[in-house]
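Report on the structure given below.
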Amino acid sequence: MTEYRQIGRTMVRAFDPRLTARVRAERDRGEILSARLRPGVIAVVGPGAGTGRSTVAALVTSALARHQGTGVLAVDTGHGGGLHARLAIRSGGSTEVVLAGLGLRGANAGRRPAVGHRWLRERLALAERTMLLAGPPGDAEPPVTAAEYGTVSATLSRWFPVRVVDTPPLTDDPVVPAVLTRADRVVLVAPNDERGPGLLADCRSWIAPLLREPLDRVGVQVLVGQAPQSDVAAAGQSPGDLPTFVLPFDPALRTAGALRWADLASGTQEIILDLATQIVRDMRLR
């Protein structure tokens, strides 16, 4: 019976070139996402609160972790606890304990780090598939600061080569340039409404001087649907020359709490996987 099914599928693909192309595209995407990647930082930036920045950071992290395992680390450098809210599946945070272990905070400040892979994994395992360096919403655990970020990123890259960093809104917070000047890829996020194209233009102007490489080489854009009729990008407005992905309105993205991959619409999953593929395409080890 299995042989007959395989023969049937082969015949269907032969008669429907669109299906063949789709299967080939899915295979190529899987190979890219599963390949061994060079260590790198993916910075997710946006113009303000409530535009979907933390949501996109969480989705990209989840998509990569599905293929890269626990080698992916999500880092929250914002003050609102947005990434923790979108990824954490248990209470508590990891910022204070990990930064203390690294000799950056508390009684251990200034001391040589005394951490290992197992110790870190036990304290960073807040999320379902990925490692999470983040504090919960509130002021209990201040996020990684600009002064701490370089040491944190460089030290943890030994065990977690791919780091997805959720930044604060683009303001004068010094952690934003601290992240962007070390970023290998940048994801710009804005709402998919009449404000979106202008906000993305402002973001491009703001971050371009901070990057080590031209923005058109390392940047992608995401427009996030805020309501069922959010279709500005679909109407033909050009948000710039960067590769642009449009996330349609998905009720699963509007609910509070941690995002569950299984709860996402199939179209949302496909777009996020395509986005993740675009991001890491040139990060594969040759």
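Here the structure is a predicted model, which means the values were calculated and not measured. Start at 1 with the first residue, then count along the sequence.
Each of I207, T167, V220 was checked for a side-chain contact (heavy atoms from CB on, under 4.5 Å) with V186, and the lone residue meeting it is I207.
Take R217 and apply the side chain to side chain donor-acceptor pair (under 3.5 Å) test, not counting sequence neighbours, and it matches E213. Contacts of E141 classified as salt bridge (charged side-chain N to carboxylate O under 4.0 Å, His left out), with partners at least two apart in sequence or in another chain: none. For Q68, there are no side chain to side chain donor-acceptor pair (under 3.5 Å) partners two or more places apart in sequence or in a different chain. Applying the ring pair (Phe, Tyr, Trp, His ring centres under 6.0 Å) rule to Y149 yields no partners; only residues at least two apart in sequence or on another chain are considered.
Under the 4.5 Å side-chain heavy-atom criterion for ILVMFWY residues, no single connected hydrophobic cluster contains both L83 and V175.
For the pair L64/L33, a side-chain contact is recorded, criterion being any heavy-atom separation below 4.5 Å from C-beta on.
For residues 52-61, the side-chain hydrogen bond (donor to acceptor under 3.5 Å, both in side chains) pairs, not counting sequence neighbours, are R53-D166, S54-D166, T55-R86. Within the structure, side-chain hydrogen bond (donor to acceptor under 3.5 Å, both in side chains) pairs that include any residue of residues 40-52 do not occur (at least two apart or interchain).
A side-chain donor from one of R163 and S153 sits under 3.5 Å from a side-chain acceptor of the other.
Note that OG1 of T155 and CG of L104 are 7.5 Å apart. Values are rounded to the nearest 0.5 Å. A distance of 11.0 Å separates CZ in R281 from CD1 in I279, rounded to the nearest 0.5 Å. Rounding to the nearest 0.5 Å gives a distance of 9.5 Å between OG1 of T151 and CG of L99. Between the NE2 atom of H79 and the CG atom of D173 there is a distance of 4.5 Å, given to the nearest 0.5 Å.
In this structure, E270 pairs ionically with R29, as a charged nitrogen and a carboxylate oxygen lie closer than 4.0 Å.
The aromatic rings of F160 and H117 lie perpendicular to each other, with more than 60° between the two planes, well past the 30° mark.
The environment of CZ in R118 is sparse: at most 12 heavy-atom neighbours from other residues, nucleotides or ligands sit within 6.0 Å. The number of heavy atoms from other shown groups lying within 6.0 Å of CZ (R90) is above 12.
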